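Following: one structure in structure tokens, then a few remarks.
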Amino acid sequence: MLNVLLRRLVQAALTVFVVITLVFLLFSVIPGTYASSLQADKRDVSAEVLERIEAELGLNDPLPQRFGRYMAGLVQGDLGTSYATKRPVADMLAGRIWASFRLACGAILFAVCIGLPLGFFAAMRRGTWLDTATMSLAVSGLSIPAFWAGLVLMYLFSLKLHWLPTFGYGSGGLRHLILPAITLGIAPMALLARTTRAAVLETLNADFIRTARSKGMSEQRLVLRHLARNAFVLVLTTIGLQFGSMLGGSVVIEKLFAWPGVGSLLIDSVGLRDLPAVQGAILVIVLFFLLINTLVDLAYLVVDPRIRYR
Amino acid sequence: MKAGANLYVGGGIILLIAVLAIFAPLIAPYDPVTSANLMYAEEPPGAQFWLGTDEQGRDIFSRMVYGARISLFIGLAVQVMNTAIGVSLGLSAGYIGGWWDEMVQGLTNLMLSIPTIVFALALMAILGPGLLSLLIALGMTDWAYSCRISRAQVLTQKSLNYVQSARTMGFGPLHVMFRELLPNIAGPLIVVATMGVGSAIMAEASLSFLGLGVVPPNPSWGGMLSSAREQLMVAPWVAIFPGLALFAAVLGFNLLGDGLRDLLDPHGKGRK
């Protein structure tokens with residue numbers, strides 16, 4: 001157990017290092033980055049001034065030296081200084097991680113609360129209209145462009161029904177969270193409904209259910225009791241499978257709902273060609289993703305003793 | 001749901017979109033770009049403009065029809081690139097093995113640890129917006145799944161007789177990989193590629209929605225939605241119809257992929 005834990009952590013750390021290197025290299029090979037970021041600002045800067053600024057920022061040093069400096073900074077939590085705001089990137093990110101985290105949690109909560117029961121009842125009433133409707137919903141949920149679903153929800157619930165605010169973060173209350181969380185949760189909800197249905201159908205065919213059925217016991221209660229144990233694994237699997245695309249999706253959803261998270265910072269920084277901020281935001285997203293995947297893998301070990309890693 | 005139904009519904013949707021894309025100049029009543037006329041800004045759907053007009057007075061139906069061209073082109077081109085990269089890497093990794101296999105697997109895991117759209121965004125930040133950057137950014141970032149599948153398939157087939165005989169007959173590794181192995185593992189790869197076209201269309205739309213993909217005024221479904229939020233109150237049709245087209249296209253490719261899987265793999269062995 002401890003051995004596996006250690007190996008997973010080493011693996012994750014290695015991936016983090018490679019990703020950091022990759023992102024650094026990607027953003028170091030582009031010529032004249034700082035200059036283009038100033039030009040994007042529509043500021044006229046003479047060549048000499050530009051050269052002096054680049055020298056000051058150490059942009060003309062050889063690559064290994066810059067990489068060493070970047071890594072040394074990273075270890076101390078220094079992600080560089082934003083070209084656009086002149087603030088430390090780490091500070092800009094710090095305030096936004098919580099917002100993104102809340103959004104992700106809300107989306108997962110929605111997916112679990114709707115997807116699990118839907119999949120369960122669809123399987124219990126296999127072949128009925130409920131089953132067909134649920135499965136059509138699941139296929140649609142996986143195909144629907146999230147940002148468009150968000151627009152439609154926004155139109156219905158904010159503009160027509162006036163139940164919820166259209167966009168923004170508000171004062172951090174729940175009301176502003178509902179629509180973006182549902183929007184982001186649609187795809188994992190659909191996937192969870194599908195996997196739950198498959199799992200329940202499999203359980204229904206198991207021997208112990210047939211035995212119980214022949215003894216006249218209620219099927220639904222039995223399946224429910226048996227499934228309660230497996231449900232957690234299902235949720236974990238779905239989160240593991242969907243988290244990457246959810247993080248990607250949240251970038252778009254945050255922008256749509258003007259949600260002040262890491263994703264919208266990423267988009268805004270890409271638009272401004274503010275490379276240190278882009279680099280920082282990508283690092284945070286990848287770290288977050290790796291963290292969740294590692295946690296999911298470890299949780300498997302705890303939940304399901306049959307799963308053993310080599 | 002019946003297996004055949006998926007295939008026909010999905011195929012039908014895609015066929016319809018393909019027809020719209022190919023015959024766009026004949027079908028679209030207005031020019032998608034130059035027909036801007038503020039006199040007709042934000043007209044609701046009606047006899048003159050079937051699906052209404054946008055904030056610049058351009059006909060939404062016409063822009064949607066032309067948008068099908070961009071979506072299909074990007075979707076197919078991107079998936080061709082991804083499949084080419086993924087299959088070449090996966091085939092060679094599985095066939096050659098050794099350090100090459102280790103390296104390809106490491107690279108695949110790395111690609112999987114970065115959400116595709118985030119990776120694409122990073123590349124777009126470096127390359128700048130535009131069609132070519134879009135192709136590079138999306139066409140080089142979503143090959144991990146094809147790679148994994150083709151590698152796994154090769155591992156199960158490598159020791160079979162037909163591969164062994166081809167080697168005995170003196171065919172080189174390239175011939176064995178692409179002429180012997182590839183045709184025999186094509187089934188699951190086609191399924192993955194079909195669904196991949198859907199996700200590529202979605203990715204293009206997302207980037208264009210964010211203003212980082214297809215450059216305006218070129219009509220792209222995602223781009224048409226980018227200004228929709230601000231007009232949601234006065235002109236909801238600006239948001240509704242391009243999104244529906246996008247939804248239909250992605251759904252079409254997903255259904256077609258599901259249907260093909262049932263067709264090519266009746267025992268469900270290749271199911272995720």
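These numbers come from a predicted model, not from an experiment. We name chains A, B, ... by the order of the sequence lines, and we start the count at 1 in each one.
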- Residue among A:V19, A:V278, A:D131 with most heavy-atom pairs under 4.5 Å to chain B: A:V19
- Okay, B:L207 and chain A: the region with an atom under 4.5 Å from a heavy atom over there is neither
- Quick one: what part of A:L159 sits under 4.5 Å from any heavy atom of chain B, side chain, backbone, both or neither? both
- Note on the structure: A:A190 and A:A138 have their tightest heavy-atom pair at CB-O, 3.2 Å
- Item | A:V200 vs A:R126 side-chain heavy atoms within contact, under 4.5 Å | no
- Residue pair A:V262 / A:F288, side-chain heavy-atom distance below 4.5 Å: no
- Task: Sort out for me which of B:T116, B:I240, B:I117 touches chain A most, counting heavy-atom pairs under 4.5 Å.
- Result: B:I240
- Query: Of the non-hydrogen atoms in A:M246 and A:A107, which two are nearest, and what is the gap between them?
  - Reply: CE-CB, 4.0 Å
- Is it the side chain or the backbone of A:I144 that comes within 4.5 Å of chain B heavy atoms, both, or neither? both
- Cut-off 4.5 Å, heavy atoms of chain B, and the answer for A:S140 is both
- Query: Considering only heavy atoms, which portion of B:F253 lies under 4.5 Å from any heavy atom of chain A: side chain, backbone, both, or neither?
  - Reply: neither
- Message: Within the 3.5 Å criterion, strictly below it, is a donor on B:R148 or B:N109 matched to an acceptor on the partner's side chain?
- Response: yes
- Note on the structure: Between B:L7 and B:L260, the two heavy atoms sitting closest are CD1-N, 3.5 Å
- Task: Below 4.5 Å from any heavy atom of chain B, which atoms of A:A258 appear? Answer side chain, backbone, both or neither.
- Result: both
- Message: Counting only non-hydrogen atoms closer than 4.5 Å, does A:L22 touch chain B with its backbone (N, CA, C, O), its side chain (CB onward), both, or neither?
- Response: side chain
- Task: For residues A:M92 and A:L265, report the shortest heavy-atom separation together with the two atoms involved.
- Result: CE-CD1, 3.6 Å
- Would you call A:R194-B:D258 a salt bridge at under 4.0 Å N-O? yes
- Check: B:P115 and A:I285 side chains under 4.5 Å, non-hydrogen atoms: yes
- If every non-hydrogen atom of B:F119 is compared with every non-hydrogen atom of B:T141, which pair is closest and at what distance? CG-CG2, 3.7 Å
- Message: If I measure from the heavy atoms of chain A, does B:I114 come under 4.5 Å with its side chain, its backbone, both, or neither?
- Response: both
- Min side-chain heavy-atom separation B:P44-B:W237 under 4.5 Å: yes
- Item | Interface moiety of A:F257 toward chain B, non-hydrogen atoms closer than 4.5 Å | backbone
- When every non-hydrogen atom of B:Q79 is compared with those of B:S146, the smallest separation belongs to NE2-OG, 4.4 Å
- Note on the structure: Residues of residues 150-158 of chain A with a heavy atom under 4.5 Å from any heavy atom of chain B, in residue-number order, are A:L151, A:M154, A:Y155
- Between chain B and each of A:L290, A:L256, A:I282, count heavy-atom pairs under 4.5 Å; write down the option with the most. A:L256
